[in-house]
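Taking it in order: structure first as structure tokens, then the write-up.
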Amino acid sequence: MTFWGGGHFAAGQAPLMERLNASIGFDQRLWRQDIAGSKAHATMLAAQGIITDADRDQILQGLAQIEEEIAQGRFAFKAELEDIHFNVESRLTDLIGEPGRRLHTARSRNDQVATDFRLFVRDAIDRADQLLSALQAVLIDHAEAEATTVMPGFTHLQTAQPVTLGHHLLAYVEMFGRDRSRFQDARARMNESPLGAAALAGTSFAIDREMTAKALGFDRPAANSLDAVSDRDFALDYLSAASITAVHLSRLAEEIVLWATRQFGFVIVSEAFSTGSSIMPQKRNPDAAELIRGKTGRVVGALVSLLTMLKGLPLTYSKDMQEDKEPLFDTVDTLDLCLETAAAMLREVRFDRAKMAAAAGSGFSTATDLADWCVRSLDLPFRTAHHVAGRAVREAEQRNCGLEDLPLDVLQTIEPRITADVFAILGVDNSVQSRTSFGGTAPTNVKAAVREARARFLERRG
Ligand code: ARG
């Protein structure tokens with residue numbers, strides 16, 4: 001006889017079926033959640049008079065022992081017992097006999113797995129939030145130190161206008177802040193208990209779903225039993241928030257890779273997060289950043305895999321849904337590792353301020369400042385001023401010099417009213433200092449934004 005009864009199953013399963021069917025190889029990761037769910041369920045069954053207090057006590061004791069066995073690596077997981085739910089329940093019955101066989105009253109593996117998996121995802125969300133805030137803290141510290149450091153700002157990866165490095169880093173702080181809020185939204189939405197939905201239709205026993213929900217830290221029981229066992233939105237929510245986070249990490253990693261090239265030379269990644277080449281002695285490769293960028297593919301892949309798995313499924317549970325776990329587990333491991341590594345790598349980077357400043361001034365990056373000066377000082381319409389600055393750029397290109405190196409009389413051939421005052425705004429430092437509009441790149445803004453970001457993202461919120 002099979003563990004689960006199998007009253008009407010005469011012949012055994014094909015070995016191939018066991019290989020296809022067994023999930024214990026991966027869902028054993030849910031053991032803590034599974035045991036927590038069983039404890040809450042048994043406690044509730046006794047409180048409702050569905051099992052005796054004596055049975056409950058034996059069940060709780062047995063579960064505590066199993067918890068210890070698994071934690072100490074002494075538990076023998078068995079593929080013929082399919083999954084974590086059967087493995088734990090079967091061991092419980094071995095340990096305590098008949099009371100163990102009463103635990104499955106008024107529940108099913110369908111509400112059990114939905115509960116376990118939610119608890120797992122909820123923990124993953126909480127960890128992602130912590131890791132993201134640690135990453136934000138590193139970026140904010142750098143932003144503070146680099147509030148006055150100038151660098152070229154890019155559009156189309158072409159030099160556009162000078163910006164401050166602090167401002168650039170704070171852009172990522174905003175991105176990771178939105179990622180955290182996506183995880184928090186997902187958490188608030190998912191925090192409902194499926195336990196007690198049983199197989200799909202609820203149960204004829206007088207269970208107390210509020211009680212188990214509360215015991216497991218859920219805000220309330222899920223309202224509809226059919227939805228409760230078949231909903232995997234919470235995993236999709238996690239995976240989409242994880243995908244967006246991974247894409248943000250990847251963009252940051254790409255900038256580190258680019259900036260670490262000899263051609264840019266903006267950043268030096270520490271040896272601890274670099275590798276050498278087996279053949280080219282001069283190489284120092286920013287592998288950590290490359291891997292963080294590269295791992296985005298599997299995270300996004302997990303989201304697509306789960307979306308595709310779910311799309312044709314009728315209500316309620318189908319075994320297809322067992323395929324939800326591996327992509328999610330892989331994503332949790334990948335995202336946690338990448339977030340932690342990104343923070344550690346960034347903590348150790350050094351920025352080459354001189355290189356950045358030199359690059360900031362190249363590419364006629366203050367052409368817009370020249371146009372703005374003509375608007376402000378000469379009352380030119382902006383379109384006219386744009387034309388004047390464009391001609392100045394052409395002149396400087398021909399002379400192979402910077403805008404600030406053009407002699408005043410040359411500038412005056414373009415626009416006779418230009419005065420020597422203009423040179424003050426053609427330097428990159430003056431340029432960034434003038435960008436004081438709300439959200440702009442001026443060092444004074446960055447210093448205030450650093451304080452504001454610490455308060456908004458890093459100080460304990462109630
Ligand atoms: N191992 C299964 C899963 O991961 C548990 C639920 C099985 N339920 C069932 N009716 N076969 O989805």
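In each ligand, atom 1 is the first atom listed, and ligand 1 is the first ligand listed.
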Q. On the ring face of Phe218, is Arg118 found with NZ or CZ under 6.0 Å from the centre and within 45° of the axis?
A.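 The answer is no, since Arg118 fails at least one limit relative to Phe218.
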
Output block, N or O contacts of ligand 1, threshold 3.5 Å exclusive:
from: ligand 1; atom 1: 1 (N); to: Ser23; atom 2: OG; distance (Å): 3.4
from: ligand 1; atom 1: 1 (N); to: Asp83; atom 2: OD2; distance (Å): 2.9
from: ligand 1; atom 1: 1 (N); to: Gln322; atom 2: OE1; distance (Å): 2.8
from: ligand 1; atom 1: 4 (O); to: Lys325; atom 2: NZ; distance (Å): 2.5
from: ligand 1; atom 1: 8 (N); to: Asn110; atom 2: OD1; distance (Å): 2.9
from: ligand 1; atom 1: 10 (N); to: Asn110; atom 2: OD1; distance (Å): 3.0
from: ligand 1; atom 1: 11 (N); to: Arg109; atom 2: NH2; distance (Å): 3.3
from: ligand 1; atom 1: 12 (O); to: Tyr317; atom 2: OH; distance (Å): 2.4

(Q) Enumerate the side-chain hydrogen bond (donor to acceptor under 3.5 Å, both in side chains) contacts for residues 239-248, please, sequence neighbours excluded, ordered by first and then second residue. (A)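 Every side-chain hydrogen bond (donor to acceptor under 3.5 Å, both in side chains) pair that includes a residue of residues 239-248, provided the two are not neighbours, is Asp179-His248.
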
Q.
I'd like to check the side-chain contact (heavy atoms from CB on, under 4.5 Å) partners of Ser181; sequence neighbours left out, ordered by chain and number.
A.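 Ser181: no side-chain contact (heavy atoms from CB on, under 4.5 Å) contacts found.
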
Q: Kindly indicate whether the side chain of Asp237, heavy atoms from C-beta on, has any atom under 4.5 Å from the side chain of Met190.
A: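 No; the side chains remain at least 4.5 Å from each other.
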
Q | Side-chain H-bond candidate by donor/acceptor type, Gln136 with Arg180, under 3.5 Å | A |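 Present: a donor and an acceptor within the cut-off.
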
(Q) Restricting to salt bridge (Lys or Arg N to Asp or Glu O under 4.0 Å), what partner residues turn up for Asp320, sequence neighbours left out? (A)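 Partners of Asp320 by the salt bridge (Lys or Arg N to Asp or Glu O under 4.0 Å) criterion come out as none, since no residue qualifies.
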
